[in-house]
Amino acid sequence: MTARATDPSPSRRTPGELLLDVRGLTVTYRSGRDSVFAARGVDIALAPGETLGMAGESGSGKTTVAMSLLRLLPADALVTGEIRFHGEDLLQANWARMRSVRWAEASVVFQGAMSALNPVRSVGDQIVEPILLHEKVGEKAARARARDLLDSVGVPSRRVGSYPHELSGGQRQRVMMAMALACDPDLLIADEPTTALDVIVQAQILTLLTDLVRERGISLIMISHDLSVLASTCDRIAVMYAGRLVETGPSRQVIGSPLHPYSRALAGAFPTLGDPASRLAPGGLPGDPPDLRERIDGCPFAPRCPEVEERCRSGEVPLLELEGGRAAACLHAPGYDQGRDRAVSRG
Ligand SMILES: Nc1ncnc2c1ncn2[C@@H]1O[C@H](COP(=O)(O)OP(=O)(O)O)[C@@H](O)[C@H]1O
Ligand SMILES: [Mg+2]
């Protein structure tokens with residue numbers, strides 16, 4: 001058995017108690033003549049109330065995975081695998097069912113969400129909309145809830161009649177969070193929700209977001225290129241590289257003693273604040289990620305890895321369960337060979 005993105009210990013996790021159980025998620029974009037293999041066999045297991053951070057440099061497939069969960073990808077994306085949410089495989093659900101899942105059961109705060117607000121409608125109207133659509137409440141009760149939600153995300157409730165352009169960037173992002181929380185979902189997916197904001201505001205908003213989901217028992221998948229942000233806000237971390245998960249485990253361990261050389265590079269390379277280049281390439285790493293249009297043989301990180309050996313370059317290097325609820329896809333990770341033996345004996 002290969003490993004999952006959250007605590008894979010079979011004694012603690014049975015599929016029945018998972019909120020989200022993703023298996024073998026594969027996403028291929030078929031644009032023009034080329035196919036882009038953007039997610040390659042991703043497994044994620046998320047318990048109710050659990051917070052999972054997904055890290056990885058630009059282009060590693062984080063947004064692809066996040067958007068695929070609620071089937072928000074463009075039509076040229078071919079998605080296979082299983083996305084079990086409350087036990088139901090969302091890849092088999094029809095569009096009517098998907099519309100009822102979105103907002104009410106699971107919601108997304110997008111990357112660059114600030115431009116997603118409608119400029120000609122008040123923020124109150126925009127928060128009220130999903131509530132009226134998904135719940136049997138009247139206009140008045142929905143509006144009262146919109147005020148409460150604004151308060152809880154730190155925007156004065158008197159701003160309920162304001163238009164997006166009358167608010168700061170940070171306030172607009174808080175409004176997006178209020179919308180995402182409006183129908184009390186079980187899962188919130190936040191894709192680099194604060195990247196466009198200044199650093200102090202980013203930290204405040206991310207801390208607020210994790211506090212809000214904890215209070216409400218909502219599970220969170222939070223995506224960021226910045227491992228340090230995730231470490232301080234999430235229970236567990238999953239590191240993505242070239243469309244695969246290369247390491248997962250409790251946040252403190254992944255940051256403090258990373259098992260995969262790519263996680264080590266990310267953990268050692270806290271981005272230079274405000275420097276857009278450091279988003280794209282973690283400091284000190286030579287070379288570029290592989291071309292996702294190509295088949296990758298062996299470990300995808302091998303061409304850039306300071307510890308590469310010949311045997312890294314051929315054959316599969318799957319993500320395997322190791323000790324302590326951790327998992328890694330590296331031949332050099334302590335216990336990897338034993339993990340492989342266990343995987344083989346379990347079939
Ligand atoms: N609509 C699309 N069509 C074709 N390729 C895409 C599309 N969206 C993303 N990609 C490609 O998929 C890969 C993963 O992108 P993405 O999921 O956005 O990564 P991340 O969020 O980690 O930066 C990249 O190589 C990107 O160019
Ligand atoms: Mg992205």
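Quick note: numbers below take in every heavy atom, side chains included, and nothing from hydrogens, waters or symmetry partners. Numbering of ligands and ligand atoms starts at 1, following listing order.
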CZ (Arg252) with more than 12 external heavy atoms under 6.0 Å:
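At most 12 heavy atoms, drawn from other residues, nucleotides or ligands, come within 6.0 Å of this atom.
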Is Arg145 salt-bridged to Glu139, going by a charged N under 4.0 Å from an acidic O?
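Looking at Glu139 together with Arg145, the answer is no, because their closest N to O distance does not fall below 4.0 Å.
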Only heavy atoms of [X], strictly under 4.0 Å: list the atoms of ligand 1 that pass.
X	value
Ser58	23 (O)
Thr64	14 (C), 15 (O), 16 (P), 17 (O)
Thr63	17 (O), 18 (O), 20 (P), 21 (O)
Ala38	12 (O), 13 (C)

Tell me every residue that passes salt bridge (Lys or Arg N to Asp or Glu O under 4.0 Å) with Arg84, counting only those two or more places apart in sequence or in another chain.
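If we apply the salt bridge (Lys or Arg N to Asp or Glu O under 4.0 Å) test to Arg84, skipping adjacent residues, the hits are Glu82.
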Would you say the rings of His260 and Phe301 are close, in the sense that their centroids are separated by under 6.0 Å?
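Ring centroids of Phe301 and His260 are less than 6.0 Å from each other.
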N or O pair under 3.5 Å between Leu292 and ligand 1
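By distance alone, the answer is no.
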Taking distance alone, with no angle check, do Gly59 and ligand 1 share an N/O pair under 3.5 Å?
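Yes; the residue has a nitrogen or oxygen that sits under 3.5 Å from a nitrogen or oxygen of the ligand.
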Sorted by first residue and then second, give each salt bridge (Lys or Arg N to Asp or Glu O under 4.0 Å) pair with at least one member in residues 25-34; sequence neighbours left out.
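Residue pairs with at least one partner in residues 25-34: Asp34-Arg293.
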Could you tell me if any non-hydrogen atom of Gly56 lies under 4.0 Å from any atom of ligand 1?
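Contact absent.
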